[in-house]
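Reading through the structure tokens given below for one structure.
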Amino acid sequence: MLQDSKAFFSFSVDDLNRAKEFYGDVLQLAVKMTPEGLSMELAGGGKGFLYPKPNHQPATFTVLNFQVADVDAAVAELKKRGVKFEHYDMPELKTDENGIARGNGPTIAWFKDPAGNILSVVTPPPTARA
């Protein structure tokens with residue numbers, strides 16, 4: 001049943017106009033404001049929907065991953081657009097000066113949208129690439 005259903009992601013934000021500016025202008029995704037929220041179209045036919053929530057609380061986990069061929073290049077480009085990357089220094093998770101985690105699973109860098117939702121750019125290990 002569901003294996004034939006088209007799926008999409010959705011999560012809340014606290015300000016649709018800031019979300020539209022960030023996802024549309026900064027990340028350069030195809031976005032469209034609707035009466036219900038902000039729709040997004042991603043490469044490969046993926047779709048997403050951001051909806052306003054007055055008491056929005058950002059997720060404490062990654063809600064959206066962008067698979068890229070080169071995390072270093074993606075981080076450099078996004079930094080030019082004003083994106084700030086998260087830095088971690090924990091026993092199980094360390095990032096370098098650019099906010100990139102390497103060598104323990106996928107190469108990945110995390111950043112937040114204006115509502116505090118966690119996103120990433122990631123290059124999965126060769127065995128996990130789709």
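The first residue in the sequence is number 1, and the count goes up from there.
- You'll find the side chain of D70 stays beyond 4.5 Å of the side chain of T123, heavy atoms only.
- Other residues, nucleotides and ligands contribute more than 12 heavy atoms inside 6.0 Å of the NZ atom of K94.
- Hydrophobic cluster membership differs between W110 and F85, with clusters built from Ile, Leu, Val, Met, Phe, Trp and Tyr side chains linked at under 4.5 angstrom.
- Side chains of N98 and K79: a donor-acceptor N/O pair is present below 3.5 angstrom, by distance only.
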Checking K84 against K112 for the side chain to side chain contact (heavy atoms under 4.5 Å, CB included) test, could you report, in this order, the C-alpha distance in whole Å, the side-chain angles of both residues, the deciding distance, and whether it holds? CA-CA 8 Å; K84 292 181 173 52; K112 293 181 180 178; over 6 Å; no
Side chain to side chain contact (heavy atoms under 4.5 Å, CB included) assessment of F22 paired with V83: CA-CA 9 Å; F22 180 76; V83 174; 4.2 Å; yes
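- Between L119 and T62 there is no side-chain heavy-atom pair separated by less than 4.5 Å.
- Of the options H56, Q57, K53, a side-chain hydrogen bond (donor to acceptor under 3.5 Å, both in side chains) to S12 is made by H56 and by none of the others.
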Checking side chain to side chain contact (heavy atoms under 4.5 Å, CB included) for the pair F9/M40: CA distance, chi angles, key distance, verdict? CA-CA 10 Å; F9 69 86; M40 288 191 287; 3.4 Å; yes
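- Both L78 and L42 are assigned to one and the same hydrophobic cluster, defined by single-linkage of ILVMFWY side chains at heavy-atom distances under 4.5 Å.
- Applying the 6.0 Å contact sphere to OH of Y88 captures more than 12 heavy atoms from other residues, nucleotides or ligands.
- In this structure, R81 contributes its side chain and V26 its backbone to a donor-acceptor pair below 3.5 Å.
- F66 has its side chain out of reach of V122: every pair of non-hydrogen atoms, C-beta onward, lies at least 4.5 Å apart.
- Heavy atoms only, all atoms of each residue included: G37 and P52 are closest at CA-CD, 4.3 Å.
- In this structure, D15 does not pair ionically with K20, as no charged nitrogen and carboxylate oxygen lie closer than 4.0 Å.
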Between F49 and T34, does a side chain to side chain contact (heavy atoms under 4.5 Å, CB included) hold up when you go through it step by step? CA-CA 10 Å; F49 186 76; T34 71; 3.8 Å; yes
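- Listed here is the closest heavy atom pair of T95 and H87: OG1-CA, 3.3 Å.
- For the atom pair CD of E77 and CG of L27, the computed distance is 11.0 Å after rounding to the nearest 0.5 Å.
- A109 and V71 get closest at one heavy-atom pair: CB-CG1, 4.2 Å.
- Looking only at side-chain heavy atoms (C-beta outward), F111 and V121 come within less than 4.5 Å of each other.
- Taken together through direct or relayed side-chain contacts under 4.5 Å among Ile, Leu, Val, Met, Phe, Trp and Tyr, M33 and F11 form part of one hydrophobic cluster.
- Between the CD atom in E86 and the OG atom in S120 there is a gap of 11.5 Å [rounded to 0.5 Å].
- I108 is not connected to V63 by any chain of hydrophobic side-chain contacts under 4.5 Å among Ile, Leu, Val, Met, Phe, Trp and Tyr, and they are in different clusters.
- A continuous path of hydrophobic side-chain contacts links V68 to Y23 [ILVMFWY only; heavy atoms under 4.5 Å].
- Interatomic distance, L29 CG to L64 CG, rounded to the nearest 0.5 Å: 8.0 Å.
- I118 and A59 get closest at one heavy-atom pair: CD1-O, 4.0 Å.
- In this structure, S10 OG and K47 NZ are separated by 14.5 Å, a value rounded to the nearest 0.5 Å.
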